[in-house]
Amino acid sequence: MHKPLIAGNWKMHTTIQEGVELVIKLRELLRGMDAVEVVIAPPFTSIYHLHFLVADSPIELAAQDVFWEESGAYTGEISAKMLRDVGCEYVIVGHSERRRYFAETDEDVNRKVMALLKVGLKPIVCVGETLEERERGRTIRIVTGQLKGALRGLGPGGIKDVVVAYEPVWAIGTGRNATPEQAEEVHNTMRELLYEEFGMDAAQDVRIIYGGSVKPDNIDSLMAQPNIDGTLVGGASLKAEDFARIVQFRHV
Ligand code: PEP
């Protein structure tokens, strides 16, 4: 049994001051919490500051993206080593907003995964189908294709540090979450794929988390599914009380 992982993706929200206020509230609400791994992904500009604030709390830091090169003339980009330097443990890669607005491909995601593992950071690899793909019955094909692409060339040693996030595109920021059964079906298939590609340990160790309109009122039923090991939370992670309630999900 792995520790559940609840991660909050703040996206392009919060100034440093707003981030500080949010973390101070969260620290208070999550005091003593150790049953769940709690991760927040603020914008790059706040990470350094927040890293001092989370130091003696259960909260860990993630970045929302990374570039795969180690250093060089890549204006505007940030490397894995820089993210480790600033206090990150995790990095989200392949989020559907990056795929959609920044034309990120499975190959890009794969390069990012490799760059992160090389410096000891843990990738949270996002995969998910669009509404049209789901309606055409292509969900499993799309999601497994993205996952295979993201993990190409990875050995059994690297896979244990990877977190997979199933985020149906139609459920992100729409208020329309996948039902626990819909999510479970995809998670189960991805676990089978991990077993086939990387063996039993990987299938057991890798956490597969769900993202898409996770809220206090649906977290308990999602977490009741055997193959849902946590959640990636967007909008609700910006409200301390809601995020804390999600972290403190109840076993139903
Ligand atoms: C996300 O962007 O990863 C996400 C799941 O967003 P929301 O919870 O707002 O749907």
Side-chain angles (χ1 to χ4, degrees), residues 4-14 18-19 22 26 36-44 46-47 59-66 88-104 108-109 112-113 116 122-131 133-134 139 142-143 146-147 150 162-180 182-184 186-187 190 207-223 225 227-249:
L5 174 77
I6 306 285
N9 175 12
W10 291 8
K11 310 195 186 189
M12 198 172 73
H13 295 289
T14 67
E18 288 163 350
L22 188 46
L26 275 179
V36 173
E37 203 174 341
V38 185
V39 174
I40 54 168
F44 289 130
S46 298
I47 296 174
I59 304 167
E60 296 172 292
L61 288 169
Q64 298 174 20
D65 190 27
V66 65
C88 291
E89 303 265 347
Y90 288 89
V91 179
I92 298 170
V93 289
H95 192 281
S96 63
E97 286 152 16
R98 298 226 45 97
R99 293 178 190 261
R100 178 169 171 204
Y101 301 124
F102 304 96
E104 205 161 285
D108 297 338
V109 177
K112 292 179 180 194
V113 168
L116 292 170
K122 298 171 203 159
I124 300 176
V125 180
C126 302
V127 298
E129 81 288 1
T130 62
L131 186 58
E133 288 162 346
R134 173 161 283 268
T139 298
I142 294 293
V143 167
Q146 288 175 341
L147 189 57
V162 173
V163 175
V164 177
Y166 169 52
E167 296 212 303
V169 178
W170 49 271
I172 295 179
T174 57
R176 176 181 171 188
N177 65 298
T179 64
Q182 283 172 323
E184 172 63 18
V186 177
H187 284 223
M190 293 203 288
R207 281 170 298 182
I208 306 179
I209 66 176
Y210 166 79
S213 298
V214 174
K215 307 274 182 248
D217 64 5
N218 57 30
I219 183 65
D220 299 337
S221 54
L222 286 163
M223 290 305 294
Q225 299 299 316
N227 284 294
I228 299 185
D229 305 319
T231 55
L232 180 53
V233 185
S237 71
L238 293 166
K239 295 181 202 135
E241 287 76 14
D242 284 2
F243 189 60
R245 169 63 181 87
I246 290 169
V247 169
Q248 290 158 322
F249 65 88

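Order of appearance sets the numbers: ligands from 1, and atoms from 1 within every ligand.
Residue G212 places no N or O, backbone or side chain, under 3.5 Å from any N or O of ligand 1. Residue-to-ligand polar distances place E167 within reach of ligand 1: an N/O pair is separated by less than 3.5 Å. Looking at H95 next to ligand 1, an N or O pair under 3.5 Å apart turns up.
The residues D217 and R245 are annotated as not salt-bridged, no charged nitrogen and carboxylate oxygen being separated by less than 4.0 angstrom.
Smallest separation of non-hydrogen atoms from V214 and A236: O-CB, 3.6 Å. In this structure, N218 and K215 approach most closely via the heavy-atom pair OD1-N, 2.8 Å.
With sequence neighbours excluded, the residues forming a ring-ring contact (aromatic ring centres under 6.0 Å, His included) with Y166 are H187, listed by chain and number.
Distance check, rounded to the nearest 0.5 Å: CD1 of I228 to CZ of F249 gives 11.0 Å.
With V125 as reference, V109 is the one residue of L116, V109, V91 to meet the side chain to side chain contact (heavy atoms under 4.5 Å, CB included) rule.
Scanning all protein heavy atoms for the shortest distance to atom 2 (O) of ligand 1 gives K11 NZ, 2.5 Å. The protein heavy atom nearest to atom 9 (O) of ligand 1 is G235 N, 2.8 Å.
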Taking it one step at a time, do F102 and D108 satisfy side-chain contact (heavy atoms from CB on, under 4.5 Å)?
CA-CA 11 Å; F102 304 96; D108 297 338; over 6 Å; no
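Proximity of A171 to ligand 1 is established by a heavy-atom distance of less than 4.0 Å.
Nearest to atom 10 (O) of ligand 1 by heavy-atom distance, out of G173, G234, A236, G8, is G173.
The side chain of N9, and not its backbone, has at least one atom closer than 4.0 Å to an atom of ligand 1 (non-hydrogen atoms only; side chain from C-beta on).
Contact atoms of ligand 1 toward S213: 7 (P), 8 (O), 10 (O) (distance under 4.0 Å to a heavy atom of the residue).
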